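Structure record follows, encoded as structure tokens.
No experiment lies behind these values; they were computed from the predicted model shown.
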Amino acid sequence: MNTGSDHSGLGSRAPEFIKARRLLHRGWQAGVFVIGLAVVTAGVAMLALPGPGWVVIFAGMAIWATEFVWAQVVLRWTKRKVTEAAQRALDPEVRRRNIALTVTGAVIIVVLCTIYLWRFGLVPPWKIKGR
């Protein structure tokens with residue numbers, strides 16, 4: 001087990017008096033795991049329900065990362081990927097492409113809505129009979 005004494009910053013962030021006692025440290029890890037699991041589970045539920053699902057999932061991962069190396073590695077990888085995506089999104093060429101795609105999609109939606117309204121008026125689709 002990595003105790004955080006190396007230069008990479010990975011490992012347990014439990015207080016030293018807890019890490020010094022194996023049974024206490026295992027209990028600490030179990031508590032951190034259960035709390036992180038509860039937060040991640042709430043985040044997964046929020047993906048379908050109202051709420052900031054991904055933010056809560058990453059908060060649960062951050063809780064796990066205070067104690068578990070695997071969570072620290074996943075969190076570092078995620079931060080790196082999010083940073084790369086943000087940099088790509090700020091690239092002027094990518095921004096122009098995204099704006100062009102958004103405008104094209106909006107024009108298509110407006111055209112389809114206009115055709116529908118011209119043909120059927122303000123009648124909902126489920127109430128159209130034999131047209």
Atom pair [atom1] ([X]) and [atom2] ([Y]), whose distance is rounded to the nearest 0.5 Å:
X	Y	atom1	atom2	answer
Thr66	Gln29	OG1	CD	9.5 Å
Thr78	Trp54	OG1	CH2	9.5 Å
Met61	Trp70	CE	CH2	5.0 Å

Any ring pair (Phe, Tyr, Trp, His ring centres under 6.0 Å) pairs touching residues 83-116, not counting sequence neighbours? Tyr116-Phe120
For the pair Ile57 and Leu47, evaluate side chain to side chain contact (heavy atoms under 4.5 Å, CB included) and give the outcome as yes or no after the intermediate values. CA-CA 9 Å; Ile57 289 171; Leu47 292 176; 4.0 Å; yes
Pairing residues for Leu117 by the side-chain contact (heavy atoms from CB on, under 4.5 Å) criterion, not counting sequence neighbours: Leu122
I'd like to check the side-chain contact (heavy atoms from CB on, under 4.5 Å) partners of Ile108; sequence neighbours left out, ordered by chain and number. Thr104, Leu112
Contact between His25 and Glu67 at the side-chain level, heavy atoms closer than 4.5 Å - yes or no? yes
Test side chain to side chain donor-acceptor pair (under 3.5 Å) applied to Trp64 - qualifying residues, sequence neighbours left out: none
Side-chain donor-acceptor distances from residues 85-93 under 3.5 Å, at least two apart:
none

Indicate the atoms forming the closest heavy-atom contact of Ala71 with Ala65, along with that distance. CB-N, 3.6 Å
Cluster link Val32 to Leu24, ILVMFWY, side chain under 4.5 Å: yes
ILVMFWY cluster, Ile63 and Leu37 together (side-chain gap under 4.5 Å): yes
Apart from Ile115 itself, members of its ILVMFWY cluster (side-chain separation under 4.5 Å) are Ile99, Val103, Val107, Val111
